[in-house]
Every structure is written in C-alpha cells, then in structure tokens.
Amino acid sequence: MGTVKCIGILTSGGDAPGMNAAIRAVTRAAICNGLKVKAIYRGYKGLITKEIEEFKSQNVSNIIQQGGTILKTSRCEEFMTPEGRKIAYDNMMEEQIDALIIIGGDGSLTGARLFAQEYDVSCIGLPGTIDNDLFGTDFTIGYDTALNTIIEAVDKIRDTATSHERLFFIEVMGRDSGFLALNGAIASGAEAAIIPEFETKFDQLEEFIKNGFRKSKNSSIVLVAESPSLGGAMHYAERVKKEYPQYDVRVTILGYLQRGGSPTARDRILASRLGAAAIDAIMEGQRNVMIGIEDDQIVNVPFSKAIKNDKPIEQDLVNLLKELSI
Ligand code: F6P
C-alpha cells in the first residue's frame, strides 16, 4: 500500500453521542494534513451501495453539539460475508479511498478487522459506543453522555420511589457489560446494581432486600444491566413480587433514550482527541488499530486486542457501591 491521499469515514452499529464530534475532528484533521475526505453513509452498507460523498470542512460545521450521527448508521449483515466485503473493496478502489476510519463498537471493529485481513487496506477504528465495553481504552465515545442521561432519569425516579416507598428495578443498556449499570448506580446513589460480570444469585438479592430495603431507607433502587444472561429488570421484579408480596415493586426500562442527546463536554473532547489521533496514526503509517485513551494518554490498540479481550470491571467499584448503599 502506498501513501494515503484519501480517507473514507463511516459510523457503524449503535449510534452514540459524540460520534458527530469525532466525524468533525477526523474531517478537519485530515484536511489540515492535506488528505481528501470521503464520507460514507449508513455504515458498511454505504460502502457496498456506494453512498459516498466528498466532505469539506463546512460539511462538519455546527455538528459537535448534535447527538446521533450525521452519516447515519446500520448493522450491515452483508459486510459480514466475503462477497459483501469484496463489493465494498471494489467500491473503495473505484472511489480511490486508501484508508478507512470506522467509528463504532465491537461488531463494527470486528468487521474492520476481517476487511483488513483480506485486503491491503488500512483501517483505523474509533471506539464509539455507549457501552464502554472495548478493551484497551478507558472510555468510549458516548459512554459519559449515556451515564449522565441515566443519572438524570434515576434522580427523577427516586422522587416517586421515595414518595410511594417503592422498590424500583431500572434496566439500563450495556448489552453484555455492566459499566453503565454499575457506575450509573454509584453516581445516582442506587442501592445495588445487577451486572453480568458478577453473578447475582437470587439469595444475594434476598440478602440485599432484607438488609437494605426498609431498614434504613423507605425506598430502594436497583439498576439492572439489560444483558440477556441476567433476564432483565422484569425478571428480578417478578421474583421479588412472588417472594415478598408485601413490597411495592415497579420496573422502568430506560431504553433508547440512553443513546440520544447532546454529548457532554467529556465526550466532545474525547471524540475530538481520538478523531485527530486517528489522522496522526494514518500519517505515521499505522494500520489496523483502534485509537483509545488510557490514563489520559492516546494509545493505539491492535484490533485483535480490542475485540478479543473482555474489558474487566473493577472489583473496587462493586465494593464501593455496596459500602455506600447501607
Ligand atoms: O451497543 C449499543 C447498544 O445500545 C447496546 O447497549 C444495546 O444492547 C444495543 O446497542 C441495541 O441495539 P439495537 O440498536 O440494534 O437495538
């Protein structure tokens, strides 16, 4: 592969607040470095259907504050097939795109890794997901905004929970990881979090109810990660209702509102730093890495590391929640 003259940029998978800030940073940093920028719409799908447009600096004006993604997004099954990737590659060559910048989560970076293994193209990933579940980066773009959305919602539920003296199970997103649930619980003063990384057997729940609920407090809030392996908030609520009919139990599923909204300052700055660093990586000849942040320093993480490893949740945070919810 020769020198990169033109980059393609796309957003893929679940949208996350701050993706637009990343698109802006990539576009402007690329232009500053003399590169041409081609925007690809609807994720990998747009690479297959050739929904591609050249971007100038003004195409990314006034978007840093917007949630969602101006490039649209999709989860593209066709790109997961060798035939789909062949069409995508041919289109990339026709458009004279030398390198791809992919903003997305685990599934999107898995697609990028496959593509880079099969074809001589440089793919640079930016971690864009509210789930914060990518290994090799302390934070993903969108996570901080989603966390703030969660605590705002939980604060409101707390008002009604306290007034009615109820036990609330609140389900939050995160797919198979509990970052949103655990840190959301710490930040909102919830009594417990049920997350897939740490098994919560029913007897543990029982212990919590006996020790915590109605002992020193007149209401309780438990955040539950949506993970299918846990069964969701509804599952726990049903079990408690059955075992403890005296408790007034309610469920709220926060759902897709967690993915929307204007990004926080933290997410805007993170997205701007990672976006510019993606162009630095291309200029340095780096290939097939995810740009992450560790201890406030930019790091380049090989796709194999970012995707294959489960990002651990610190036991200290679990202990902290327990200690502070007495
Ligand atoms: O990965 C982000 C996320 O919002 C997860 O938390 C959630 O499980 C999933 O996407 C929902 O995906 P979809 O938008 O396809 O329903």
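Atoms within a ligand are numbered from 1 in the order they appear, just like the ligands themselves. Because the structure is predicted, anything quoted here is derived from the model rather than measured.
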Would Thr73 and Asp15 count as having a side-chain donor-acceptor pair, cut-off 3.5 Å?
no
Is any N or O atom of Gly174, backbone or side chain, closer than 3.5 Å to an N or O atom of ligand 1?
yes
Could you tell me if Glu323 and Asn319 have a donor-acceptor pair between their side chains, going purely by distance under 3.5 Å?
no
Do the side chain of Gln66 and the main chain of Asn62 share a donor and acceptor less than 3.5 angstrom apart?
yes
Closest protein heavy atom (residue, atom, distance) for atom 15 (O) of ligand 1
Arg75 NE, 2.8 Å
Does a side-chain heavy-atom distance below 4.5 Å link Met92 with Tyr119?
no
Ligand-residue contact atoms, ligand 1 with Met173, heavy atoms, under 4.0 Å
4 (O), 6 (O)
Can you check which of Arg259, Gln258, Arg175, Glu226 brings a heavy atom nearest to atom 7 (C) of ligand 1?
Glu226
Which residue and non-hydrogen atom of the protein lie closest to atom 16 (O) of ligand 1, and at what distance in Å?
Tyr256 OH, 2.4 Å
Shortest protein contact, atom 1 (O) of ligand 1 (heavy atom only)
Asp131 OD2, 2.8 Å
Please say whether the positively charged group of Arg250, taken as NZ for Lys or CZ for Arg, lies over the ring of Phe169, i.e. under 6.0 angstrom from the six-membered ring centre and within 45 degrees of the axis.
no
